[in-house]
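The figures here come from the full heavy-atom set of this structure, side chains too, leaving out hydrogens, waters and symmetry mates. All ligand and atom numbering here is 1-based and tracks the order in the structure.
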Amino acid sequence: MKKEKALVVFSGGQDSTTCLFWARKQFSEVETVTFDYRQRHRLEIDCAKNIAAELGVKHHVFDMRLLNQLAPNALTRDDIAVKEGENGELPNTFVPGRNLLFLSFAGVLASQIGAKHIVTGVCETDFSGYPDCRDMFVKSLNVTLNLSMDQQFVIHTPLMWLNKAETWRLADELGAFDFVREKTLTCYNGIIADGCGECPACKLRKKGLEEYLAIRNGEKQPY
Ligand SMILES: [Zn+2]
């Protein structure tokens with residue numbers, strides 16, 4: 001374990017909670033930040049708060065309502081239904097530049113709290129068309145943040161090349177499988193744990209979970 005501080009970009013979902021467990025294994029001190037942009041479900045913020053409290057990590061919540069003002073869409077408005085992207089179009093949960101903004105604000109906070117490491121659960125594998133989830137973007141922003149603040153930040157993306165089943169495996173390896181399964185919120189309909197089972201986020205989570213459980217039970221060959 002490195003005697004260094006890390007800041008985890010944290011939403012209370014499966015991916016960022018797995019990243020939080022990962023960071024706690026890697027670094028001696030860990031803090032978390034959640035961006036409040038008037039998400040479809042306020043429960044997301046409460047969920048993140050509860051997880052941070054239970055794990056005893058400091059939790060910062062930033063007001064990012066600005067994002068909602070910039071890009072009203074299905075994640076931030078109740079009157080717009082969640083629709084999956086078709087024919088190569090972006091899904092309507094897309095907020096342009098969201099990760100650019102989040103990671104930049106995380107960089108400013110990291111600088112203020114003396115954290116050299118920034119951890120984010122972005123992932124290129126189950127890439128649903130978000131350009132600022134891609135590895136090349138994160139590497140590019142890392143350089144920009146370092147130049148802008150004269151810092152030596154390291155942005156970590158432990159999930160970048162994992163599919164959903166592999167993310168479950170990582171949680172399991174970190175001893176966090178049950179915690180992640182029971183306490184995180186991924187569902188667009190705001191239902192904790194296994195969720196509503198119907199929305200795109202639930203379907204993706206469930207598919208990965210079933211795939212991982214089949215591997216764990218020896219019904220399927222591991223990767
Ligand atoms: Zn759901």
Side-chain angles (χ1 to χ4, degrees), residues 8-21 32 34-55 59 61 64-65 67-68 71-96 98-99 102 120-130 132-133 158-159 162-172 174 176-216:
V8 180
V9 179
F10 184 57
S11 70
Q14 175 193 355
D15 291 349
S16 64
T17 304
T18 303
C19 286
L20 175 53
F21 276 92
T32 52
T34 299
F35 297 102
D36 181 356
Y37 53 101
R38 293 296 178 265
Q39 281 86 335
R40 203 172 173 85
H41 290 285
R42 303 291 306 151
L43 192 60
E44 250 184 60
I45 309 286
D46 294 336
C47 182
K49 241 180 228 166
N50 293 341
I51 292 172
E54 189 167 344
L55 297 179
H59 186 220
V61 180
M64 294 286 287
R65 261 173 298 178
L67 200 70
N68 194 0
N73 78 10
L75 270 196
T76 53
R77 292 289 173 87
D78 280 335
D79 52 354
I80 306 175
V82 174
K83 224 177 66 191
E84 276 170 284
E86 283 163 17
N87 306 324
E89 281 174 17
L90 289 169
N92 74 345
T93 48
F94 180 66
V95 180
R98 183 171 59 168
N99 279 321
F102 286 3
T120 167
V122 297
C123 167
E124 187 160 331
T125 313
D126 281 324
F127 176 55
S128 35
Y130 301 151
D132 56 354
C133 285
L159 312 185
L162 305 186
N163 61 31
K164 277 282 176 233
E166 289 167 322
T167 301
W168 282 111
R169 181 173 66 183
L170 176 61
D172 208 2
L174 293 164
F177 179 83
D178 290 335
F179 188 101
V180 171
R181 186 166 179 187
E182 288 159 18
K183 302 190 185 228
T184 63
L185 173 64
T186 310
C187 175
Y188 289 147
N189 290 315
I191 301 168
I192 275 180
D194 288 340
C196 73
E198 300 297 324
C199 73
C202 278
K203 281 185 190 156
L204 192 64
R205 174 170 163 145
K206 190 174 166 208
K207 186 174 161 278
L209 179 63
E210 283 172 355
E211 213 177 305
Y212 174 64
L213 287 175
I215 291 164
R216 197 168 74 164

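Residues passing the side-chain contact (heavy atoms from CB on, under 4.5 Å) test with Ala214, sequence neighbours excluded: Glu219, Lys220.
To the nearest 0.5 Å, atom CD of residue Glu44 and atom CD1 of residue Ile192 are 10.0 Å apart. Asp36 CG to Ile45 CD1: the interatomic distance, rounded to the nearest 0.5 Å, is 4.0 Å.
Between the Glu210 side chain and the Lys207 main chain, no donor and acceptor come within less than 3.5 Å of each other.
Note that Arg65 lies outside the cation-pi zone of Phe35, set by a 6.0 Å cut-off to the ring centre and a 45° limit from the axis.
Separation of the Phe102 and Tyr37 ring centroids falls under the 6.0 Å cut-off.
Listed by chain and number, the protein N, O or S atoms at a distance under 2.8 Å from the Zn ion (ligand 1) are Cys187 SG, Cys196 SG, Cys199 SG, Cys202 SG.
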